[in-house]
Number of protein chains: 2
Amino acid sequence: MSKVKKRSDCPVSCSLDIWGDKWSLLIVRDLLFAKECTYGDFLKSGEGIATNILAARLLALEENKIIEKLAHPDSKAKVLYRLTRKGIDLLPVMIEINLWAEKYFSIPEDRKALLKEVKKDKAGFIKATIKELER
Amino acid sequence: MSKVKKRSDCPVSCSLDIWGDKWSLLIVRDLLFAKECTYGDFLKSGEGIATNILAARLLALEENKIIEKLAHPDSKAKVLYRLTRKGIDLLPVMIEINLWAEKYFSIPEDRKALLKEVKKDKAGFIKATIKELER
DNA sequence: CTTTACACTTGCAAAATGCAAGTAAAGTTA
DNA sequence: TAACTTTACTTGCATTTTGCAAGTGTAAAG
């Protein structure tokens with residue numbers, strides 16, 4: 001199930017081998033925003049990922065140590081997904097994607113407001129967010 | 001041919017709709033490094049993209065104004081591809097991907113050396129590179 | 001005028017994606 | 001405690017995308 005086929009040793013290529021598809025970074029995005037998500041939370045995201053694709057992506061991200069599963073405190077029927085440090089470290093990538101998109105697309109107001117904060121002090125924002133996600 | 005199916009208005013989602021696949025950012029990478037590439041140059045890149053996939057990606061990137069074609073000065077048989085400003089502006093994304101990958105993979109020495117330069121003065125590096133690519 | 005270089009296109013098999021329905025365990029309600 | 005619901009997936013199948021190999025057309029070179 002876990003075929004890690006490395007196309008080259010270029011860092012960009014290696015990265016894309018793991019999360020270079022239309023869905024993986026959306027999962028990471030959800031977790032950067034929400035810190036912890038259940039399977040159902042991902043399904044409810046606006047883009048409408050199919051449940052089998054979601055399952056496949058979650059497994060791949062877990063195998064690549066981007067995310068990890070943990071028990072839900074309220075119920076054995078629920079599962080929580082969370083970013084590992086490796087996943088959290090995608091935050092700068094995510095921020096730059098947002099800034100790029102802001103320049104070339106029209107994006108929601110609340111996201112614009114957040115990016116305004118980011119631009120005020122990027123390093124500070126990243127540091128604070130990582131701290132929040134890690135505990 | 002140019003179906004721009006937007007899944008949501010999230011900036012991340014919009015971005016991935018355009019270049020969220022295993023190949024597009026490698027094309028952008030080649031152009032960020034080389035400034036201008038021919039069709040054959042892309043084919044020669046280490047990852048070994050199939051020629052039909054390359055043609056499809058180049059067309060999609062062109063339709064989305066990430067790259068543009070221009071006449072080769074030496075020959076009518078050759079075509080040059082170059083980044084538009086929109087494509088050049090993916091540089092910060094590309095840099096963060098490289099920095100992330102450097103932390104979690106072993107990457108080639110020459111790329112490490114380049115990233116050392118980047119880390120010394122990220123804003124300066126970006127500014128200088130953009131200037132170089134734009135003229 | 002024949003050969004080579006270059007930028008693609010085409011055909012087809014294999015893999016990934018997307019949709020709808022189904023399953024199993026856990027929790028909730030009557 | 002029996003029936004129902006919620007949750008996290010799995011399964012089957014049609015559609016789409018990818019990958020490989022071979023082919024085409026135009027321009028340049030010999």
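Lettering follows sequence order; numbering is per chain, from 1. Remember, it's a predicted structure, so these values are computed and weren't measured experimentally.
Nucleotide C/dA7 holds its P atom 13 Å from the CD1 atom of B/I67, rounded to whole Å. The nearest whole Å value for the distance from the CG atom in A/D17 to the C1' atom in C/dA15 is 16 Å. Counting to the nearest Å, the P atom of D/dC9 and the CG atom of A/L61 are 13 Å from each other. Rounding to whole angstrom units, CZ of residue A/F42 and C1' of D/dT7 are separated by 14 Å. Atom OH of B/Y39 and atom C1' of D/dG25 are 14 Å apart (whole Å). Rounded to a whole Å, the CG atom of A/L59 is 15 Å from the C1' atom of C/dA16. As rounded to whole Å, 17 Å separates atom P of C/dT4 from atom NZ of B/K78. Straight-line distance from the CG atom of B/L80 to the P atom of D/dA27: 17 Å, rounded to whole Å.
In this structure, the nucleotide among D/dA8, C/dC8, D/dC9 sitting nearest to the side chain of A/K69 is D/dC9. Closest to the side chain of B/A55, out of D/dT10, C/dT9, C/dA7, is C/dT9.
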Does the pair B/W23 and A/R7 meet the rule for a side-chain contact (heavy atoms from CB on, under 4.5 Å), with working shown?
CA-CA 11 Å; B/W23 295 107; A/R7 290 174 294 174; 3.6 Å; yes
B/F33 vs B/L114, test: side-chain contact (heavy atoms from CB on, under 4.5 Å). Steps then yes/no.
CA-CA 11 Å; B/F33 270 107; B/L114 189 68; 3.7 Å; yes
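Every residue two or more places apart in sequence or in another chain that forms a side-chain hydrogen bond (donor to acceptor under 3.5 Å, both in side chains) with B/R111 is listed here: B/N98.
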Would you tabulate the pairs of protein nitrogen or oxygen atoms and nucleotide nitrogen or oxygen atoms of nucleotides 26-30 of chain C closer than 3.5 angstrom?
{"unit_1": "C/dG27", "atom_1": "OP1", "unit_2": "A/K76", "atom_2": "N", "d": "2.8"}

Each nucleotide N or O in nucleotides 17-22 of chain C that has a protein N or O under 3.5 Å away: list the pair and distance.
{"unit_1": "C/dT17", "atom_1": "OP2", "unit_2": "A/R57", "atom_2": "NH2", "d": "2.8"}
{"unit_1": "C/dG18", "atom_1": "OP2", "unit_2": "A/W23", "atom_2": "NE1", "d": "2.8"}
{"unit_1": "C/dG18", "atom_1": "N7", "unit_2": "A/N52", "atom_2": "ND2", "d": "3.2"}
{"unit_1": "C/dC19", "atom_1": "N4", "unit_2": "A/N52", "atom_2": "OD1", "d": "3.3"}
{"unit_1": "C/dC19", "atom_1": "N4", "unit_2": "A/N52", "atom_2": "ND2", "d": "2.5"}

N/O donor to acceptor pairs below 3.5 angstrom from side-chain atoms of residues 9-16 of chain B, sequence neighbours left out:
{"unit_1": "B/S13", "atom_1": "OG", "unit_2": "B/S8", "atom_2": "OG", "d": "3.4"}
{"unit_1": "B/S15", "atom_1": "OG", "unit_2": "B/P11", "atom_2": "O", "d": "2.8"}

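Side chain to side chain, B/D30 and B/Y81 fail the donor-acceptor criterion of an N or O pair below 3.5 Å.
The only member of A/I66, A/I88, A/D41, A/L83 that meets side-chain contact (heavy atoms from CB on, under 4.5 Å) when paired with A/L31 is A/L83.
Taking the charged nitrogens against the carboxylate oxygens, B/E96 and B/K122 do have a contact shorter than 4.0 Å, which makes a salt bridge. A salt bridge between A/E102 and A/K112 is absent, with no side-chain N of the basic residue lying under 4.0 Å from a carboxylate O of the acidic one.
Within 6.0 Å of NZ on B/K103 lie more than 12 heavy atoms contributed by other residues, nucleotides or ligands.
Under the 4.5 Å side-chain contact rule for hydrophobic residues, A/I130 and A/I95 share a cluster.
Annotation: salt bridge (Lys or Arg N to Asp or Glu O under 4.0 Å) contacts involving residues 45-55 of chain A, sequence neighbours excluded, comprise A/R29-A/E47.
Counting any heavy atom pair closer than 4.0 Å across all strands shown, B/Y81 reaches sugar-phosphate atoms only and no base atom.
Using a 4.0 Å cut-off on heavy atoms, none of the residues of residues 27-35 of chain B approach DNA chain D.
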